[in-house]
Amino acid sequence: QAPTRVSQTRLSCNTKFDPIDRLSLTRAHRLRTVPTLLKSLTDLAGQQDVASRVTSAISGGRVHHALLFAGPEGVGKFLAAQHLAQIFVCQSSESPSRACNECSACIKCQTVGHPDVLVLSPNEKNKITVDEIREATQALYIRPFEAKFKILIIRDADRMNHQAQNALLKTLEEPPG
């Protein structure tokens with residue numbers, strides 16, 4: 001079996017973002033759907049190189065099953081992940097690398113949240129535990145409600161404890177579907 005490849009994209013920026021955390025539709029414990037705030041990946045100031053690489057990977061059908069956005073706080077990693085999720089769930093875009101921003105899936109991503117885009121955030125103790133990772137990965141095995149597949153965004157993944165990291169690694173090595 002071939003080793004799992006996780007594509008890593010390092011974001012860097014001179015501009016700090018102050019994303020509005022509008023969380024809605026709480027699922028289970030820490031799983032949430034979150035609306036996206038970007039209209040295009042190129043809206044991330046200073047990230048044109050990253051946006052063009054991700055866009056060409058999507059257009060060419062070469063997107064890995066897992067992406068890691070790394071960089072300093074405030075550069076737009078979370079916003080990029082949210083918008084990328086919107087691109088993947090968009091139902092009517094003429095381009096595979098852009099969301100139409102008009103179909104019901106795009107509107108759900110932008111307003112109330114899409115049921116197939118899940119976000120795992122640190123708990124009250126500012127940690128992500130193994131139980132939370134297991135709960136999130138179990139949710140990925142449930143058939144998508146509206147999109148072709150489910151998407152999990154792990155916010156502040158550096159807050160995972162060692163057991164949670166190992167549980168996530170197992171899922172990355174043997175992804176659902």
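Along the sequence shown, residues are numbered consecutively beginning with 1.
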Kindly compute the distance separating [atom1] ([X]) from [atom2] ([Y]), expressed to the nearest 0.5 Å.
X: N166; Y: I133; atom1: CG; atom2: CD1; answer: 11.0 Å
X: T171; Y: L140; atom1: OG1; atom2: CG; answer: 7.5 Å
X: L67; Y: L84; atom1: CG; atom2: CG; answer: 6.0 Å
X: C100; Y: I107; atom1: SG; atom2: CD1; answer: 8.0 Å

Measure the shortest side-chain to side-chain distance between [X] and [Y] over non-hydrogen atoms and say whether it is less than 4.5 angstrom.
X: T129; Y: N161; value: yes
X: I142; Y: K150; value: yes
X: I154; Y: I128; value: yes
X: F149; Y: D116; value: no
X: L152; Y: L120; value: yes

- Least distance between heavy atoms, F78 atom then R155 atom: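 Looking at all heavy atoms of both residues, the shortest contact is CE2-NH1, 3.3 Å.
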- Of all residues at least two apart in sequence or in a different chain, which pass the side-chain contact (heavy atoms from CB on, under 4.5 Å) check with N126?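 N126: side-chain contact (heavy atoms from CB on, under 4.5 Å) contacts with P122, R159.
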- Counterpart residues, side-chain contact (heavy atoms from CB on, under 4.5 Å), relative to Q165 (two or more places apart):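 Residues passing side-chain contact (heavy atoms from CB on, under 4.5 Å) with Q165: M160, H162.
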Kindly write out the residues that satisfy side-chain hydrogen bond (donor to acceptor under 3.5 Å, both in side chains) with [X], not counting sequence neighbours, or none if the list is empty.
X: D49; value: R53
X: Q91; value: S104
X: S56; value: none
X: S59; value: S97

- Output, in order, the C-alpha distance, side-chain angles, deciding distance and verdict of side-chain contact (heavy atoms from CB on, under 4.5 Å) for V117 and V89. CA-CA 8 Å; V117 178; V89 299; 4.0 Å; yes
- Message: Do the side chains of K127 and E132 get close enough for a salt bridge, i.e. N-O under 4.0 angstrom?
- Response: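 Salt bridge: no.
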- Task: Go through the structure and list residues passing salt bridge (charged side-chain N to carboxylate O under 4.0 Å, His left out) with E102, not counting sequence neighbours.
- Result: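 Partners of E102 under the salt bridge (charged side-chain N to carboxylate O under 4.0 Å, His left out) test: none.
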- Query: Is a donor on one side and an acceptor on the other found under 3.5 Å between the side chain of D156 and the backbone of D158?
  - Reply: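 Answer holds: no.
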- Query: Can you check side-chain contact (heavy atoms from CB on, under 4.5 Å) on F88 and K148, steps first, answer last?
  - Reply: CA-CA 8 Å; F88 290 135; K148 293 178 184 174; over 6 Å; no
- Applying the side-chain hydrogen bond (donor to acceptor under 3.5 Å, both in side chains) test to K108, which of H114, Q86, E146 qualifies?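 Of the listed residues H114, Q86, E146, the side-chain hydrogen bond (donor to acceptor under 3.5 Å, both in side chains) partner of K108 is E146.
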- Is L172 linked to L118 within one hydrophobic cluster, defined over Ile, Leu, Val, Met, Phe, Trp and Tyr using a side-chain heavy-atom separation of less than 4.5 Å?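 Yes, one cluster joins them.
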